[in-house]
Asks: 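Dropping a structure here in structure tokens format, bear with me for questions.
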Amino acid sequence: MRRVPELLAPAGSPEALRAAVQNGADAVYLGWGAFNARRGAKNFSDGEFAEALVYCHVRGVRVFLTLNTLLTDQELPQALEAASTACRLGVDAVLVQDWGLLDLLRRSLPDLPLHASTQMSIFTSGGACEAARDGCERVVIARECSREDTEAIIRNCPAQVEVFAHGALCMCYSGQCAMSAVVGGRSGNRGRCAQPCRLPYGVNEPAKTRYPLSLKDNCLAGELGDLAELGVDCVKLEGRMKRAEYVAVVTGIYARLLAEKRGPTAAERRDLEAAFSRSGFTDWYWRGRRGAGMFGTRPKNTPEPKDLFSAAKAAYEKDRLRTVPVCFDCTVRTGRPCTLSASDGDGHTVTALGPVPEPARSHPLTAEELESRFRKTGGTAYVCSSVTVGLDEGLSLPASAVNALRRDALDALSEARACPPPRRELPPPPLPGDVCAAALQWTVSVASAAQLSPALMSLRPARIYVPLELLAGLSALPEGETEWCAILPRVWRDRDEPQLRAWLGHAQNLGISGVLAGNIGHLPLVRDSNLYIYGDFGLNVFNSRALDYLRGKGLRSACVSFELRFSQIRDLRKPLPLEAIVYGRLPLMITENCLLENSGGCRCGQPNFLQDRTGASFPLLPAYGHRTEIENSKVLWLADLPDCRRLGLHYARLRFTTERPEECVQVFQKYLSGEPASGGFTRGLYRRGVE
């Protein structure tokens, strides 16, 4: 018999939480405080958060707290305090993105369940298993995962697997998007995404009225049976930025479909679309498809479904759609205080004590009268399913005493149902000392074999990073005094791993000694290969504890996030040698959909680009697996800033993407001499930082 997945609904406000609970959610996820990926939602005050936990737990609904953003060293203590408070109040789990926070929570709050957020960019069994080994009881896999991908992860990973089933799709893999941050200073990794993907762009042409980055919303309402058969543990609905009525409609439909083990009717599909859609829905990622048919926008002036939303609101505001069955057992005996026991079927039984009954003067109390009063549970979370009465004859109790007995029993039952479990709180572990930096060393990453010129080699970079798929086509490496490293694909799947391992074997035969790992799933791929592991920007290193976590994973160095300011990098504790990107086009997105295929194909012999409404052109580079990486329109230039040499960096990376071979050499020489830039350039986020 297949197990019905848990239904997890969004709660961007107290009203949305009530809408979700009343419409059948098994669990809700919400933001409290400053550290969650939907900081633009209303979220919850301190008092509202505590009340939400009681409200949900009394009704048998679990509550997950989202602490799924990147955090600075200064913010980590506040995040730990928020998690500690939530832990004491009985929150059921915390969603985490930041590796430093994950490590801090598992050490300081060892009994608090942790969920690996989709912001961790997990899409392989290896990545899911790595998160499970680090203490995550559940992994929220990438929205881009297909049925085949999901099945492989469930089969191989001991952790629970959660799948996004309904709501908005981002064009970029979650946790890997820097477009909002770099272009507008609002970081998606910090909960402030400005959604530039919903704007018009042109692919190899001026921006007009096309939206090549705006995906339709996901809808797996017709695939719920398949998800259950695969063993998906949790079905997640997106929408913390949506209004409560939307949450009510969507949650209610998915709850019915799961309970009745069926697909949606035509009317239910219409209601889902009316609640919110972008020119319909898509399920192509789940089906292993991609292409232009997945894209759509929300038509302007789309009318609100007033009747649908009004009916939904009227229903959940009554607060009687979700009740807990309770069994009463009452004893009224001569000369003894009366008692009322209440049992909820979940293992909780409480007993309330009332007054001693008096002899009846005219109308003796009857079992029917008692049962009638005990069944009056209106205004509470309970509904009476049965009443058992043990009553001596000829006794009397005031109606007020019977009502008080019922209230006291239900209050005690609510207290028992909402009682937080005992959990340990341990002091945060100290950080190890710094790895002292010698003279700053230069590293280079290339995107093409032509960039590996003899002139570049003569400048003696400490390391050269080359894409693994590029190494696969080489028969030898250029001569030079450098350490050769393979850049592992940022995105891949379980089915790709035999090929990747074969390529790694070939690369080792060529003479590489290390790999650049930008995803937690890379570690099990290379752990037994005797190759040095260096962390790439995709790991989103934002604080000192993240560096210590990666040191514990066996990494030899790590590249910090380019969303950090100079001062934040300078102040990091450095238990691991530190690298930063100091030149190049910063990567803004890595997309499952190939933008060129969707727009008619690649222009032979000419650069491909995405152009926005201002005329800025963002180069498009092919990525492993027929994916696309979008690069920034301006080149990062820091050669003339003395700040770079005062950050305690061990390595400074020159990231070559669209440069000609001779340009690579010229840039390297200018960095060695500290020359200022010419032409258009950017200082990135190192000075201005992000919201």
Side-chain angles (χ1 to χ4, degrees), residues 170-173 176-188 192-215 278-279 292 294-300 447-448 562-563 581-623 627-640 654-660 663-664 666-667 670 676-691:
C170 297
M171 183 62 173
C172 181
Y173 274 81
Q176 300 301 307
C177 185
M179 194 168 198
S180 178
V182 171
V183 174
R186 294 177 56 183
S187 171
R192 292 292 193 190
C193 181
Q195 295 190 319
C197 53
R198 302 301 179 187
L199 298 174
Y201 297 91
V203 176
N204 292 330
E205 65 179 4
K208 296 179 181 177
T209 57
R210 298 180 183 176
Y211 296 82
L213 304 183
S214 181
L215 287 158
R278 291 181 170 91
S279 305
M294 295 186 68
F295 292 77
T297 59
R298 179 80 167 168
K300 292 182 179 179
S448 69
F562 49 78
E563 293 187 19
I581 297 173
V582 298
Y583 168 81
R585 294 185 184 275
L586 295 176
L588 303 185
M589 283 189 180
I590 177 81
T591 71
E592 181 66 16
N593 267 274
C594 175
L595 271 69
L596 299 176
E597 288 181 2
N598 289 351
S599 62
C602 177
R603 302 191 308 172
C604 296
Q606 299 183 58
N608 296 286
F609 61 88
L610 181 78
Q611 189 169 109
D612 69 11
R613 296 171 300 169
T614 71
S617 292
F618 302 85
L620 302 177
L621 298 185
R627 300 175 176 95
T628 300
E629 187 172 272
I630 304 174
E631 313 298 327
N632 193 23
S633 60
K634 295 181 179 179
V635 172
L636 174 71
W637 189 273
L638 305 178
D640 54 327
L654 309 177
R655 185 174 189 266
F656 297 126
T657 52
T658 59
E659 292 83 359
R660 298 187 304 275
E663 289 178 317
C664 297
Q666 293 165 5
V667 167
K670 289 181 179 180
S678 57
F681 67 94
T682 178
R683 301 297 193 186
L685 299 164
Y686 291 123
R687 282 184 163 173
R688 58 190 172 103
V690 294
E691 291 185 36

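Numbers here simply count residues along the sequence, with the first being 1. Worth saying up front: this structure is predicted, and the values here are computed from it rather than measured. Hydrogens, waters and symmetry mates play no part in the numbers below; they use all other heavy atoms, side chains included.
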Asks: Are the side chain of Ser279 and the backbone of Thr297 linked by a donor-acceptor contact shorter than 3.5 Å?
Replies: yes
Asks: Yes or no on side chain to side chain donor-acceptor pair (under 3.5 Å) for Thr591 and Asn593, after CA distance, side-chain angles and deciding distance?
Replies: CA-CA 5 Å; Thr591 71; Asn593 267 274; over 6 Å; no
Asks: Report, as yes or no, whether the 6.0 Å neighbourhood of atom CZ on Arg198 holds more than 12 heavy atoms from other residues, nucleotides or ligands.
Replies: yes
Asks: Checking the side chain of Arg186 only, and the main-chain atoms of Val182 only, is there a donor and an acceptor separated by less than 3.5 Å?
Replies: no
Asks: Grab the two heavy atoms, one from Tyr686 and one from Ile581, that are nearest each other, plus how far apart they are.
Replies: OH-O, 2.6 Å
Asks: Mark yes or no for whether Thr682, through its side chain, and Lys634, through its backbone, hold a donor-acceptor pair below 3.5 Å.
Replies: no
Asks: Look at the side chain of Arg683 and the backbone N and O of Trp637, then say whether any donor-acceptor pair between them is shorter than 3.5 Å.
Replies: yes
Asks: Within the side chain of Ser214, is there an N or O that forms a donor-acceptor pair under 3.5 Å with the backbone of Gly296?
Replies: yes
Asks: Could you check whether atom CZ of Arg613 has more than 12 heavy atoms from other residues, nucleotides or ligands sitting under 6.0 Å from it?
Replies: no
Asks: Listed by chain and number, what are the salt bridge (charged side-chain N to carboxylate O under 4.0 Å, His left out) partners of Glu631, not counting sequence neighbours?
Replies: Arg655
Asks: List the residues meeting ring-ring contact (aromatic ring centres under 6.0 Å, His included) with Tyr173, not counting sequence neighbours, and say none if there are none.
Replies: Phe123
Asks: Please examine the side chains of Phe618 and Arg585, heavy atoms only from C-beta on, and report whether any two atoms are closer than 4.5 Å.
Replies: no
